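Data block below; observations after.
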There are 2 protein chains.
Amino acid sequence: MTNIREIARLAGVSTATVSRVINDHPYVNEEKRQKVLEIIRRLDYVPNSSATSLKKGMTRIVGVVSGAYTTSSTPFIQAFNIIAQQHGFHVMLFLTDNDCGKELVALEMLRSKQLDALVCLHRANEWPIIESYTKYGPIVTWQRLVNDLIPSVFMDQYQGYMLGLEHLHARGYRRIMNVYSSKGLNTPQRMRAYDDFSKKYWLDDSGFADLHGKVSITDGERIARSWVEQTDKPDAIACSNDDVAAGLLTELKRAGVSVPGEVAILGFDNNNLARLLDLTTVHYPSDKQAENAFAILLDRLGQEAPALHTLEFELIERSST
Amino acid sequence: MTNIREIARLAGVSTATVSRVINDHPYVNEEKRQKVLEIIRRLDYVPNSSATSLKKGMTRIVGVVSGAYTTSSTPFIQAFNIIAQQHGFHVMLFLTDNDCGKELVALEMLRSKQLDALVCLHRANEWPIIESYTKYGPIVTWQRLVNDLIPSVFMDQYQGYMLGLEHLHARGYRRIMNVYSSKGLNTPQRMRAYDDFSKKYWLDDSGFADLHGKVSITDGERIARSWVEQTDKPDAIACSNDDVAAGLLTELKRAGVSVPGEVAILGFDNNNLARLLDLTTVHYPSDKQAENAFAILLDRLGQEAPALHTLEFELIERSST
DNA sequence: TTGTACGCGTTATCAA
DNA sequence: TTGATAACGCGTACAA
């Protein structure tokens, strides 16, 4: 193992001088600098990063905790990875499968200083537990509003959902069924939006039982099959996300149902699937949220951070409504 | 910062004893062990992992280099991440966007011992350059056969493609168009398969110009539009992957073309999209390849490694053929 | 402009 | 069974 002392010895200087050369510090005689650089090249030397981390007290590694790869988490992870790399940070990925123990592994690595910071897309442990780890390094979350201890790049989905509902109304749909997911704060916000929406337009309670806990393509397919058998049918379905909408759309088409002729479908997120299937949807700027998450972490680490994006939902009109 | 010396002082023992307790070494008096454990708990102490890495000479971090998140790379990355975590390793993800410089960052981290090993899903730099890094740690690749220096979990796609072609033939299709991707060894292998296939069944050269360099959904959509305008049409299209097949299928349906009535579509990979759209495809076991990749790395690191899976293609018959 | 020497926090050898 | 101490490799006061 060739180390800094070896280089110093061969170059006929001290380790301090070698270190100065490596880190581009001033006050090094040009000749000696060249000599050192030559030895470094000749011995194929590179500083050991564990030693540097130990000395500097940071690793420049940020952990990303996610339950799994989903069509919604992937764009976030990708964007986060890219911006982190641009700032000389690296990303360690933790797929927890929503298991408390696996999530704890990531938190413990923050504690043991293998990680400088953490971003939690989802969480398995209770908030107080996660909060208790903020004393070891900054933690940012996605999609959840917490408190001062844990900042968030959360967006209130009231506004986004309302955008979609207003669009459905403008297109003439009046018998709207809501398909919600189950987790966290998003659903209450969306329900509130629908509540205000139906009051605003004097829509009497349509009588469709809203669905809950639907998040996957197969969920959407099941909803399609029950729609076909329903006697009193909604004329539009607002989905919890694009996956549900995609499953719904494709299964309806398989059954020969015309979309949007017989029923309109509204997605949420604007992921690849929505683009492929030409689904009308609400764009959820997860890439910008990821960049904000990183900026917040950088700031809390005391480094120069880029400015935050303002986050906005956007209606993407396509052919499913 | 509370460190091992602090613990030793408060427990009235030496750092050696504390270290023994932490690492479950034998020969430590039970009373002292309890005392040490109590102090550790009280001070919320945890060993600094940079120091441990420095001392041990390894970080238990494995790098994963991928051009981007694609529908084919994501399952691999996910499976690799999970198996690595099961073995107490962690994964650092590098999205290179096929940029040599960004890829070099990962290789350099192997050199500087921040990474114990590397798996390359794609590569931007020339092979000799990548090979030159194997002296710093094991490197495994996906989808490319290289040499002893760089083992691979590559699968010869001749067999898989032939599986698909035989299926098309059995279903009665005779006028097959091939849509190839461009990169690497896969295309030549598939072309060889088609060559043998057409000889076996005395298919005269169909006269369809095979397409090359098609890999995305939008590529598939473009192919659909040109199929519609073509006068001499193939009755089946074998695609480079499921994304192309998906774009092709959806755009054809939009144009009112019946699939498989007017034309059959064969995908490759068996990803989520293929399941959603009910595409006939060839299953490519990327999760098993990922687990093999990790096993090979583990073995090269001199650790006990799980047995390798045997890798097999499988035809998934669905409604597009 | 340069070098000495110490500290970062841990593990492990060796002698007791 | 225990402790003193030497690494691991780097960065940087401080003194020169």
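Note that this is a predicted model, so its numbers are computed, not measured. Letters A, B, ... are given to chains in the order of the sequence lines, protein chains preceding strands, and every chain is numbered from 1.
For the salt bridge (Lys or Arg N to Asp or Glu O under 4.0 Å) test, no residue two or more places apart in sequence or in another chain qualifies with A:Arg20.
Counted within 6.0 Å of CD on B:Glu30, heavy atoms from surrounding residues, nucleotides or ligands total more than 12; the atom is thus considered enclosed.
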How would nucleotides 6-16 of chain C be written as a contact map, 5' to 3', with B for base contact, S for sugar-phosphate-only contact and - for no contact, using protein heavy atoms under 4.0 Å?
-BBBBBB----

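For B:Phe154 and B:Trp142, the ring centers sit 6.0 Å or farther from each other.
In this structure the side chain of B:Pro75 never reaches within 4.5 angstrom of the side chain of B:Gln78, judged on heavy atoms.
Computed from coordinates, the A:Ile7 CD1 to D:dG11 P distance equals 13 Å when rounded to whole Å. Atom-to-atom, CD of B:Gln114 to P of D:dC10 comes out at 14 Å; the value is rounded to the nearest Å.
Under the 30°/60° scheme for interplanar angles, the aromatic rings of B:His87 and B:Phe294 are found to be tilted.
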